[in-house]
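Each residue takes its place number in the sequence, starting with 1.
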Amino acid sequence: MLWTVQHRVAKLSCFAFNCYRHEIRLVCWRPEIEALILLSKGGVKQGDPLAMALYGIALLPLGEFLQTKSPDVLQPWYADGVAMQGKRQDVADTFWELIRLSLMFGYLPEPEKSFAICHLATEATAKTIFEALGLPVRYRCGHRHVGGFVGSAAMKNRWIKPMVSKWVQGVEALAKVARKYSQSAFYGFSQSLQAEWQYVCRCVEGVEEHLQPVEEAIQGKLIPVLLECEELDIANNVWQLLSHGTKQGGMNLRDPLAGAVHLYQVLTEASAVLGASLLADTPLDSVAHKACVREAGTKARKEKAAKEKAQVDAMKETASKAVTKRLERIGETGLWMTLPPCRIDGTTLSQEEWQDNARLRYGMRLTGLCSYCDGCGGGFTVEYALGCKKGGLMCMQHDDVRDEAGALAAMA
C-alpha cells in the first residue's frame, strides 16, 4: 500500500508513512492503579481521516487491471464495494479474476455475500455460469446498492414500501414529541428525517409515487401540532408557503411529492461528468467533475429560490394590505428557525415561545389571548397590545427590553 501511495500520490506518502513509522498509544484507565498503556504499530487505525483515501488508492491497481482485462464490463467502485455490469459470462470471469488477485491487495471479497441481479427468466443460465467457476453468489431480481436500488420495478416497489412506512412512523413520533418540545421536533425533522427520503429521491427515479403517505402524515399530524391548530384552519397557500426555505417565508418543511423529481434531475446533471467517464472508460477529470457538481447545485438553488419568490409575489397580488406587509418582511425574520436548540448558546425556546413565534410568522392569532383588553376594553390582538397606552402593557414591554439588555451585558 505504501509503495502504491508513494507512486500515485507522492504528496500524501509522508503522512501515510508516519502512520506506520510511529507507535500509537492506547491508554486504558484502571481505577486506583496506574493506567495501562498499549503500544501499537499496525498502521492506519479505525477513525483515521486518511483511512478511506489510502484504501481507495491502494485498490487502484486492482481496479485498473480488471478494467483492462474486461473492458466490456462496467465496474464502478465505491470504497470496498464494487459492482459489475455486463454480459453474464464476462461478469462471472471478472469476478473470478477479482477473487484470484484479491489477496495480493489485501482485499477479501466474499462470494457468499455477493448478489447477481438478473431477470427471473435468465436466472438459471446465470446460475450455471457462476457455479461452473465455483462462485456461490446469491440471485435476486433487485437489490439495494449504495443507498439506491438496482433491479426491476416490482422489486423496487417492494424495497421502498417498508422505508415509507418507517418514515411515516418517524413523522408520527416527532408529532408526539412536538406536543411538548416543538423546537426539537421541528429541528429534528427539517435537518434529519426529511433528508432520508430526499437522499433516496436523488438516487432512485420514480420514488415520488410512493411518498403520498409521508406527505399526508406531515400535513395531517406534524404541522398542526407545530402550529397548534387544526388541519382545516390552514389555507392551501399556507401549505405551499411552509414548504419554502426560511429566506422565502417558509419553514423548510419540503413537499416530498413536489421535490422528488427535481432532486433526481439535479443529481443527474451533477453526475454528468462522472457518468460519462464510467461509460467511456476514461480517467475522471476531477476538476471538471467538481465544476459540474458546483454548477448544478448553484443552478438548482437559484431556480428554487426564483420559483418560491414567484409564488410569494403571486400571493401578495391577492392579499390584503396587512398580509402583503407581512409577506414582504417574512423572509428576513426566519433566522431563529434555523438555529439548533442549545442551552450553552442560549438558542433554546420554550414550547410557548416557539409556537407563538411560529403562529405570528404566518398571521395566526396567538393561543391563550383574552378577547378584550383589561385596560381599555378594546378588542385584544397582538397589534393592539403593542400600542395600547392603558393597563401598563407598554411599560412591561420597555422593562422586558431593559432586562434583556442587562442580561446580555452581564454575559459579556
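- The side chain to side chain contact (heavy atoms under 4.5 Å, CB included) check on S286 picks up nothing, with sequence neighbours excluded.
- Under the 6.0 Å cut-off for aromatic ring centres, W3 and F17 do not qualify, their centroids lying 6.0 Å or more apart.
- Taking each heavy atom of R138 and K113 in turn, the nearest pair found is NH2-CA, 3.8 Å.
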query = Between L226 and W354, is a side chain to side chain contact (heavy atoms under 4.5 Å, CB included) present by the stated rule, with each step listed?
reply = CA-CA 9 Å; L226 289 176; W354 197 93; 4.2 Å; yes
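- Among K302, R301, R254, the single residue meeting the salt bridge (Lys or Arg N to Asp or Glu O under 4.0 Å) criterion with E308 is R254.
- Atom CD1 of I330 is separated from atom CG of L360 by 11.0 Å, given to the nearest 0.5 angstrom.
- Counted within 6.0 Å of CZ on R30, heavy atoms from surrounding residues, nucleotides or ligands total more than 12; the atom is thus considered enclosed.
- Heavy-atom contacts from other residues, nucleotides or ligands closer than 6.0 Å to CG of L120 number 12 or fewer.
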Determine whether R359 and N357 satisfy the following criterion, side chain to side chain donor-acceptor pair (under 3.5 Å), listing intermediate values before the conclusion. CA-CA 6 Å; R359 291 179 67 88; N357 280 282; over 6 Å; no
Dump the intermediate steps for side chain to side chain contact (heavy atoms under 4.5 Å, CB included) on E209 and L257, then the final yes or no. CA-CA 7 Å; E209 62 187 34; L257 296 180; over 6 Å; no
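- Under a cut-off of 6.0 angstrom, the local environment of CD in E64 is crowded, with over 12 non-hydrogen atoms contributed by other residues, nucleotides or ligands.
- A salt bridge does not link R329 with E332: none of the charged nitrogens is closer than 4.0 Å to a carboxylate oxygen.
- In this structure, the side chains of P109 and I99 come closer than 4.5 Å at one or more pairs of heavy atoms.
- By the neighbour-count criterion of 12 heavy atoms within 6.0 Å, atom CZ of R365 is densely surrounded, having more than that number from other residues, nucleotides or ligands.
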task = List the steps, then state whether ring-ring contact (aromatic ring centres under 6.0 Å, His included) holds for W197 with F189.
result = CA-CA 11 Å; W197 59 75; F189 176 85; 5.8 Å; yes
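- E196 CD: more than 12 foreign heavy atoms inside a 6.0 Å radius.
- When the options I223, L174, L242 are evaluated for a side-chain contact (heavy atoms from CB on, under 4.5 Å) with I218, the one that passes is I223.
- Taking the six-membered ring where tryptophan is involved, the planes of Y139 and F130 are perpendicular, since the angle between them exceeds 60° and thus also 30°.
- Counting all heavy atoms, side chain and backbone alike, S114 lies closest to F95 at OG-CZ, 3.5 Å.
- Annotation for Q351 and S182: closest pair OE1-N, 2.9 Å, computed over non-hydrogen atoms.
- Taking a 6.0 Å sphere around OH of Y181, one finds it holds 12 or fewer heavy atoms contributed by other residues, nucleotides or ligands.
- At most 12 heavy atoms of other shown residues, nucleotides or ligands fall within 6.0 angstrom of atom CD in E34.
- Interatomic distance, NZ of K299 versus CD of E303, reported as 5.0 Å (0.5 Å rounding).
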- Task: Verify side chain to side chain contact (heavy atoms under 4.5 Å, CB included) between Q67 and D281, making sure each step is shown before the conclusion.
- Result: CA-CA 8 Å; Q67 190 63 44; D281 189 17; 3.2 Å; yes
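- Residue-environment remark: CZ (R144) stays at or below the threshold of 12 foreign heavy atoms within 6.0 Å.
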